[in-house]
Protein chains: 2
Amino acid sequence: MSQAHTSTEVATQKLREAILSGELLPGDKLHQDRLAEMLGISRTPLRAALTALAQKGLVSYASNRGFYVREFSFAEVSGAFEVRAELEALACRLAAGNMTDEARRHLADLVAEGDRLLSPGALLPENLADYRRMNVNFHTAVMALSGNAWIMEFVQSLHNVPAASDRVIMWRDFRVLERSHDDHHRIAHALSKGQGERAAALMREHITFALEHLHEQMKLYPQDFLRMPSFDKPAKGRSGQRNRRTT
Amino acid sequence: MSQAHTSTEVATQKLREAILSGELLPGDKLHQDRLAEMLGISRTPLRAALTALAQKGLVSYASNRGFYVREFSFAEVSGAFEVRAELEALACRLAAGNMTDEARRHLADLVAEGDRLLSPGALLPENLADYRRMNVNFHTAVMALSGNAWIMEFVQSLHNVPAASDRVIMWRDFRVLERSHDDHHRIAHALSKGQGERAAALMREHITFALEHLHEQMKLYPQDFLRMPSFDKPAKGRSGQRNRRTT
DNA sequence: GATACAGTTTTTGGATACATTTTATCCCAA
DNA sequence: TTGGGATAAAATGTATCCAAAAACTGTATC
């Protein structure tokens, strides 16, 4: 499947992965020479990749000063949820008018898969990745059904914000997980019946609740979020320089 | 005041202007050698600029095939309005809780300026630019007051879509202009009183109406939109190759 | 007359080299 | 000791050069 990709694209993808996976931490300086050598390419395609990621909001850039892994304030994370809630609610409103039998089936399948993954009464570690994928697919499916490509594009951007992503699953509290998945049930149900406003309201609540839960989790288990944006710092602080050389 | 800008940034800005002003038309091929020579820079910073603009959605890119000025379908333009309506409505809801006396005064000033510009009973050609600026400033001010930077960022992106921009003023029908400006009055009023939902509803209608009006204008004066996205074509058509060499 | 094909030309992608700016170091003076 | 400033070192921004890929052109063939 991987074919004829240009080095710039490969580098962009690798850097994106490294940032989203936490291999590169917010605030890290992105030295061009070192990174280029690590990736086995010259600085030209690397800079192209960095430029692209900067526009996409994953890295920050200052003239003559270079690129850094972007840091997000808690306000930005919180704001990302607000906007996501609104955009995905809009997606529901639009999707309700575009429902086909195939679409209904697709959503039902995703919901059923979630049921299956939660049926043991807990989210087993080996099911975490699948659940995550299912969750992403569900939200993506709704946005695709909306027929408005901007929604998908912007929500994708917001997924670059750590902790604001669908990828982040709060697996500690099973009750919360069940409730969240039940939202999916109800959203799929409402959409299938063409009830756009109802689905929109559910989706808005679904995402708003996720933010609230995230907030609580951050208070309960702050250590889980240490590798995340500068949550503890009030605004803009230079994060401690770490020596990372894990080839 | 403008100094110390890197040539990449200058090129990015110039290209953006050229595209948004219509100097470069959707579908135009962006030859690297020629553009670099025109701008008086080498291909390296030019490519950085193009890469940035590609991520921002102003130009499209295909590997080994180069950059083109992006073309938008009518569905995309229409979708841009939908999302804008939702995002700016959200901005109103949030801004209502952040109103200060200074903010109230700022909005009132902008509204008053609009009154002044419309007072002759028509939008005079020499006032067009000022009215445009006022309009942009009003919407920007509301988004800034929301305190959510994502809203501003995404709406800015949508302004890259031709005809979906605040810059585009429908000046033909003065009645419509008056009505639109009256919306500003009411939005500012509602916000000043902290009535977020009311302001949001007004803003949503304000923008939805703009789309509807655009649609009508396109039917009435199609020639005004010939230089715009491929509106007349159903989906993706190669726009006729024009020979443009107006140095 | 249209189409497929091969060779040429053009254009893009990437590597390297150079120029400019920023940052770090060190010395000296207050 | 601390501050300032000159100098050195490093990193970034840009230009140029080379390789690979695409597009173009003309010819031959059906």
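All values below come from the heavy atoms of this structure, side chains included, with hydrogens, waters and symmetry mates left out. Chain naming here is simple, since letters A, B, ... match the order of the sequence lines and numbering starts at 1 in each.
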Practice prompt. Return each pair, listed once, that meets side-chain hydrogen bond (donor to acceptor under 3.5 Å, both in side chains) where at least one residue sits in residues 47-58 of chain B; pairs must be two or more places apart or across chains.
Written response: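 Found none.
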Discussion item. Once side-chain hydrogen bond (donor to acceptor under 3.5 Å, both in side chains) is applied, what residue pairs with a partner in residues 142-153 of chain B remain, sequence neighbours excluded?
Written reply: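 Qualifying pairs, neighbours excluded: A:Glu82-B:Asn148.
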Fill in: For chain B, the stretch of DNA chain D it reaches, first to last nucleotide, under 4.0 Å of its heavy atoms
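Going 5' to 3' along DNA chain D, contacts run D:dG13 to D:dA23.
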Name the pairs: protein N/O against N/O of nucleotides 16-20 of chain C, kept only if under 3.5 Å.
{"residue": "C:dT16", "atom": "O4", "partner": "A:Thr44", "partner atom": "OG1", "Å": "3.4"}

Spacing between [X] atom [atom1] and [N] atom [atom2], to the nearest angstrom:
{"X": "B:Arg47", "N": "C:dT11", "atom1": "CZ", "atom2": "P", "value": "15 Å"}
{"X": "B:Lys29", "N": "C:dT10", "atom1": "NZ", "atom2": "C1'", "value": "10 Å"}
{"X": "A:His31", "N": "C:dT22", "atom1": "NE2", "atom2": "C1'", "value": "13 Å"}

With [X], which residues qualify under ring pair (Phe, Tyr, Trp, His ring centres under 6.0 Å), at least two apart?
{"X": "A:Tyr221", "answer": "none"}
{"X": "A:His213", "answer": "none"}
{"X": "B:His106", "answer": "none"}
{"X": "A:His31", "answer": "none"}

Item to complete: Return the orientation label for the A:Phe67 and A:Tyr61 ring planes: parallel under 30°, perpendicular over 60°, tilted otherwise.
Response: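 The rings of A:Phe67 and A:Tyr61 sit tilted, inter-plane angle from 30° to 60°.
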Practice prompt. Can you sort out the partners of A:Glu76 under side-chain hydrogen bond (donor to acceptor under 3.5 Å, both in side chains), two or more places apart, ordered by chain and number?
Written response: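 A:Arg70, A:Ser73.
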Item to complete: Could you tell me, to 10°, how much the axis swings from one end of the helix from C:dG1-D:dC30 to C:dA30-D:dT1 to the other, five pairs per end?
Response: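 If I round to tens, the end axes sit 20° apart.
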Practice prompt. Strictly below 4.0 Å, heavy-atom distances to any atom of DNA chain D: list the hits from residues 48-58 of chain A, or just say none.
Written response: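 Contacts with DNA chain D under 4.0 Å: none.
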Discussion item. Which is more 5' along DNA chain C, the nucleotide nearest A:Ile41 or the one nearest A:Arg65? Just name the residue.
Written reply: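 The residue mapped nearer the 5' terminus is A:Ile41.
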Item to complete: With sequence neighbours left out, write down each residue that passes salt bridge (Lys or Arg N to Asp or Glu O under 4.0 Å) with B:Asp130, or none if nothing qualifies.
Response: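 Scan of B:Asp130 (salt bridge (Lys or Arg N to Asp or Glu O under 4.0 Å), adjacent residues dropped) gives B:Arg133.
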